[in-house]
Each structure stands twice: as C-alpha cells, then as structure tokens.
Asker: 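Shown below is the structure under consideration.
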Amino acid sequence: MTAAWRGALALALVTGFYALSWLLVLGYGALTLGVVWWTVDGPGPLTSPMPLFAVAFGLPGVLAVVRGLLAGGRAPEPEPGTVRLSPAQAPGLWDAVTELAGRVGAPEPTEIRLTPDVGASVSEDTRFGLRVSARRLEIGLPLLAGLRADEVRAVLCHELGHYARRHTRFGATVYRGSVALHTARSGIVAAAARNPLVAMYCGLQYRVLGAYGWLYDAVSLAVRRRQEFEADAAAAAVAGPAAMASALTTVPVLEAAWADFRQRFLDPMAARGRVPDDPVRAFTAMLTDPEYGEALEEWRREQPERDRSRLDSHPPTQARLRALRLRPGAGPGAVADPRPGRVLLEGGALEGGLSDAVRRALPTPAGRRAVVQPWEEWLDDAVEVQAIGAVEDLRGALALLGSAPLPTVDGVLGLLEAGRGEELAGALSATDWGTARWGAPGSSQRAVAVLVGQALVTAGRAAWSVRWASPGVLVPFDEEAREAHALAAAAVTDRAAAARLRFLLVVCGVNTGVALTRTGEVSRLRVPRPARERGRRPAREVRRRVNVGGIVVALALLGVFGWSQLGPERDPVRPLPATSVDPFRPERGTSPLPVPSGLRPHPTVPVPGVSRAPECGVRELPVGGRCLPYDVVLPSAQVTPIVTPPPAP
C-alpha cells in the first residue's frame, strides 16, 4: 500500500472516529428517552431495574466520549514555561531558521518558541483545512544547551523538512484524532476505576473505542513513521548525514541528563522554595563537567534502545541510523560547527526573559514566592539538600535493627561503638539506601561520612561542594572538622575510631542528640502542605465519596423501579370515567340504562331505571319535579312474570 493510500485511509479513519463517537452519544440519548418514557407513561411497569442502571451509570462513559470529541477539536496548549521568541530577542536563531528553510525548500515559520523540555516539533493552524494562518517551530532549551551548533542545525532541518513535504497538515489532523480517541478511552477508564457499576455499564463504549483505536493507530502511525524517514533525508541533504546521526544519538543522552538534573536538583529545591537565577547555565555546567561527561559517554555506549510507546510516531533510532548511512555526503554549505548550540541565542535581549520562563515551569510551593538565588550558590544549597535527604533516609535502615536506636547521630555512633557495623551495613543494603539520591546504593562508610559531614555543616564547621556524578564533597573549615571527617569511614569497623569520632564531634559543637529530621538550615524550609490542609480532598477521599455517591444513585434507581411496580396498575384499555346513572334527568348528560324486558315505556314518559331519586319514596318516581306513584306513571305497564322451570329429574 502506497503512502498516499495510507494517508487517505488514515483521514477516513479520523472521520469514522467522529461518526462512531456521535453514534454512541445518540444511541445513549435514544436509550435514555425510551427508558424515561416507559417508566413514566409506558404501557406497563418495568420488569427489571437494569435499564435504569444502564442510563445512570453509562452516563460517565458518554461524557468521556464527548470530552474526547471536544479535545480533538482544540489545538494543544503550550507547555508551562514556553517562551515565544521575536526576531529582536534571538536574531541568530531566526536567521538560521530562515536560511535553512530556503535550503530545504520549506515555508518559513511565523513563530518560534522555546520549551523547557527536550524535543523539537512543528505545527500549523489552518482555516477550514485549506488556508494556513500560522506556522510554529518549537525547540527545547536543553537541546540548545547540550547539542553542538551543527547538530542543532540538523534538528532544525529535520523539522523544516516536515513543512517541505507537507506533513504537518496530515499530521495535525491525525494527531488530533488520536488525542480525541485516547482522551475518550482514558476518561472511561478513570470513571470505571472510581465506581464498579460504571465499569459494568461502560464496557461497551470502552471495547468499541479500543478496537477502533487499535485499527486507527495501526494505519496512521505507519504513515507518520514514514514521514520521519523523509524528514531525516531532507536534513541529511542540507546539514549532512553525520550531523543528523550525531543529533539522533545525542538527544536521548540529553533527555536522560535533563531528567537527572531536574530530579536531583531543580525539583527538590523548587519544592523548598528556592530556584536558580539561570537554570540553563547550571545545566550547562553539569554537562561540561569532565566526570559527568564520562558517565554520560558510558551511558551512551551501554544504554540499549529505549523502550518506546506503541503510540510513538518516531521509528527506532537504529533504523533511522541505517537509513542515514545510505545517504550521500553532506551537501554544499554544510560544515561542522563544534560550538555549543546556545550560540544561536546570543546577540539578543533574551537572557532575563528566558530564565524567568524556565523558573515558571518549576513546581514551586503554592501560595509562596520562590527565592531566586545565584546559580552557583543555589548549587551548594542543592548538594546540602541531597545530604539532608540521605541522612533522613537512614531512619528506615535504623528501624530494621533489633535495638531500635534513636534516629540521631548519637544512636548511630552507639551502634558503631558496640561493634554492630556489619548489622548497619546489612540494614542499609536491605533498604537500598542511596539509590534515591545518587542512582546507586551506598555503602555503610559513605552513609556514616554523609551523616558526619551534614552534622559538621549544621554546626558551621564545614560546607558541601557540588559533584555532578557522585555525592557532594565536604570542605572542612578547621583541623578538628577535617579529622572528624577522615575518621568517619574507619569508625564503621574500628570501635576506637568511633569513640574518637564522638569526641571530635562534641568538640566541633555538634549536638549528637538532635533527631535526623532536623539536620540543617535548608531542611527547615517547609515542603508544600498536603492537599487536605489546602482545602482539597486527597484522591482516596474523592474515590470514597464517589463510591458512596454511586451507592446512593443505585438506591434511588431501585426506589424508582419499586414505584413503577407498586404504583397504580396501567392497562392498555383504559376504563371510561365513572358517572352517576340517572335515566330521568337527561339534561345532566347521563346515559340511560337498558330497558328491562317486558316493560313498554310510555312515549312521553322516561324509562325507569334502577336508580331512584333520594327525595321520593320507595314506590314513587320523580316526574317533572314531583314524586308520583308507580300506578299513576305506568298505568298500562304489563310485567311478564318470570317462571322458573322445575329441575330436571
């Protein structure tokens, strides 16, 4: 199947998704109207409460489908911290994009944005799917900080190649359809997780959308992955296959480094209310550190192909590299540029606004203004925060020991003086101490060294210095602090060294009885309050409330069903309204009773009936407003006697 046919089929699937979604919505509406009519005014009572349950508990699934339809019709919102660049703010970047667009044969973007995450993309807005109103190019700031200038140019050529091959219009349509489809399915899953009855009655919608989603992805993703190969070819023709291949292998490394930088430094410090004045320079310092650079190179060599989502539109990296090796050499004008990609941002009034935008993307405490620090000072505090977290993590290991020592420096030193260093090492290994802070489990020597170092820092006798690929290095201020830090590793196996260490810590002014949760000035910066204290219910309480609401709804529906069973009996042949029978007063609209056999009414006298007027006597009849005897009213009436035949012998 050619790419054109695949594209046409994918667009047909987008239309089919919207038709299928509206069919589900309209079908639910018809079911709701039918159940309501039958319950209120139907020919008979409901024989089962299941239709009522289907209407009530199928509603969350229908609402999820409607939300998916609305989500597919909107353009994606920009990420927090995204900066829109004008030509005055970044003239170098705009000049490079304009030049590369002309060489690739693509229209120039009308807007360039910097995002705080690793990645690059292009998109466009159209009016009625015909006329293009805006074209956007987004590039991640970590790419400019970590890639070489020629690698950045290759990435830009790749994204502009999507414009040149007219991929964006198809990609935008398919992407929005995919977003709508998976938003609807995710909404059904979320609603079903909160209430088992919703899960029971939304199974049809989920299965139908699931089957359609598998077919949708199988067709559309094949087209989108083919488009990535075509964009790689466009970048190789302008920037060179070597630059494009280098960018492909470097981007995953930068993605891992940026995630490490955020997890160990940016996010923990932002949660404590402190952010750097220039996060990009701090990240660049980490990338240019020789020790960290060696760790990245080792990770690049040993790291296998990263796990990709089934919905990832990018082909495997190895397949893209094999395709690039088949391309001819670099075209005219493609030169290697070893300078950092950040040079493209120089020459404009960008620095202040860029740093502010990145800081706004950090998860700072709600309701508090973050403290902005010079990034070098901020790094030292960030290392102290790591040490504080590592010291507090010791509490889990100490809790495993039988004696249950107090979580203090004095308690740890008591263990070492009692010769229980091996037990401490086993407890640290069981709790995997150190992995959460530095990515690898730490030894008992390192644990005691961090504990002693943070105790000295708290006493003002030392400070931490950043090390990107390992725990921070302690810088003692005097001889006693230096000797105490040197004895920390030996105290694990030497009781005498442990006793000497206790003495030196007391000399340095360390309070060995303070709990490990109060180990420094930085630690006293409060973490944001939990959701319960801010007036919002935690997720568990919301789930419990939703379950109780589902039970209440079920009971209410059972009440409606019981009313339909115990209410007045409904019959398809309805009786006539009751009327008082009065054959002698036709002016009241009453119907006369049938004439008894044997009676011949007078032509001008009404036929007597069973009913008698209450104002007349027993043997009187009302005539003309008076009560007259039977003999006067019926002088010629002959009554045929009823003869009962004798019983048969």
Asker: Taking the side chain from Thr110 and the backbone from Arg135, do they hold a donor-acceptor pair closer than 3.5 Å?
Answerer: yes
Asker: Using the ring-ring contact (aromatic ring centres under 6.0 Å, His included) rule, take Trp468 and Phe283 through it: C-alpha gap first, then chi angles, then the decisive distance, then the call.
Answerer: CA-CA 10 Å; Trp468 297 105; Phe283 180 60; 8.9 Å; no
Asker: Once rounded to the nearest 0.5 Å, what's the spacing between atom CG of Leu428 and atom OG of Ser444?
Answerer: 6.5 Å
Asker: Does Asp478 use its side chain to pair, donor to acceptor, with the backbone of Ala481 at less than 3.5 Å?
Answerer: yes
Asker: What I'd like to find out is whether the side chain of Val238 reaches to under 4.5 Å of the side chain of Leu160, using heavy atoms alone.
Answerer: no
Asker: Can Trp464 and Gln386 be counted as having a side-chain donor-acceptor contact under 3.5 angstrom?
Answerer: no
Asker: Verify side chain to side chain contact (heavy atoms under 4.5 Å, CB included) between Leu114 and Leu144, making sure each step is shown before the conclusion.
Answerer: CA-CA 10 Å; Leu114 283 183; Leu144 296 175; 3.6 Å; yes
Asker: Would you find a donor on one side and an acceptor on the other, under 3.5 Å apart, between the side chain of Gln89 and the backbone of Ser86?
Answerer: yes
Asker: Would you say Tyr163's side chain and Val104's backbone share a donor-acceptor pair under 3.5 angstrom?
Answerer: no
Asker: Does a side-chain heavy-atom distance below 4.5 Å link Val152 with Leu143?
Answerer: no
Asker: Under a plain distance cut-off of 3.5 Å, with no hydrogens placed, do Asp95 and Thr98 share a side-chain donor-acceptor pair?
Answerer: no
Asker: Please round to the nearest 0.5 Å and tell me the distance separating atom CZ of Arg467 and atom CG of Leu379.
Answerer: 12.0 Å
Asker: Once the angle between the rings of Trp258 and Phe261 is folded into 0 to 90°, is it parallel (under 30°), tilted (30 to 60°) or perpendicular (over 60°)?
Answerer: tilted
Asker: Determine whether Leu321 and Thr249 make a side-chain contact, defined as any pair of heavy atoms from C-beta on separated by less than 4.5 Å.
Answerer: yes
Asker: Is the shortest heavy-atom distance from the side chain of Asp117 to the side chain of Pro142 under 4.5 Å?
Answerer: no
Asker: Between Glu99 and Arg153, is there a side-chain N and carboxylate O pair less than 4.0 Å apart?
Answerer: yes
Asker: Taking side chain as C-beta onward, heavy atoms only, is Leu266 less than 4.5 Å from Pro276?
Answerer: yes
Asker: Quick one: are Val473 and Val383 in side-chain contact, heavy atoms under 4.5 Å?
Answerer: no
Asker: Rounded to the nearest 0.5 Å, what separates atom OG1 in Thr431 from atom CG in Leu394?
Answerer: 8.0 Å
Asker: How long is the span from the CZ atom in Arg262 to the CE atom in Met269, to the nearest 0.5 Å?
Answerer: 14.5 Å
Asker: What is the distance from atom CD of Glu480 to atom CG of Leu504, rounded to the nearest 0.5 Å?
Answerer: 7.5 Å
Asker: Any side-chain heavy-atom pair from Leu156 and Leu93 closer than 4.5 angstrom?
Answerer: yes
Asker: For Asp277 and Gln373, which I'm curious about, is there any donor-acceptor pair between the side chains at under 3.5 Å?
Answerer: no
Asker: Please determine whether a side-chain nitrogen of the Lys or Arg among Arg113 and Glu111 lies less than 4.0 Å from a carboxylate oxygen of the Asp or Glu.
Answerer: yes
Asker: Verify side chain to side chain contact (heavy atoms under 4.5 Å, CB included) between Leu398 and Val412, making sure each step is shown before the conclusion.
Answerer: CA-CA 8 Å; Leu398 296 178; Val412 176; 3.9 Å; yes
Asker: Can you tell me how far apart CG (Leu501) and CG (Leu416) are? Round to the nearest 0.5 Å.
Answerer: 8.0 Å
Asker: Between Glu151 and Ser246, do the side chains contain an N or O donor and an N or O acceptor separated by less than 3.5 Å?
Answerer: yes
Asker: Any side-chain heavy-atom pair from Asp432 and Thr435 closer than 4.5 angstrom?
Answerer: yes
Asker: With a sphere of 6.0 Å drawn around CD of Glu377, does it hold more than 12 non-hydrogen atoms of other residues, nucleotides or ligands?
Answerer: yes
Asker: For Arg339, give me all partners under side-chain hydrogen bond (donor to acceptor under 3.5 Å, both in side chains), at least two apart in sequence or on another chain.
Answerer: Asp337
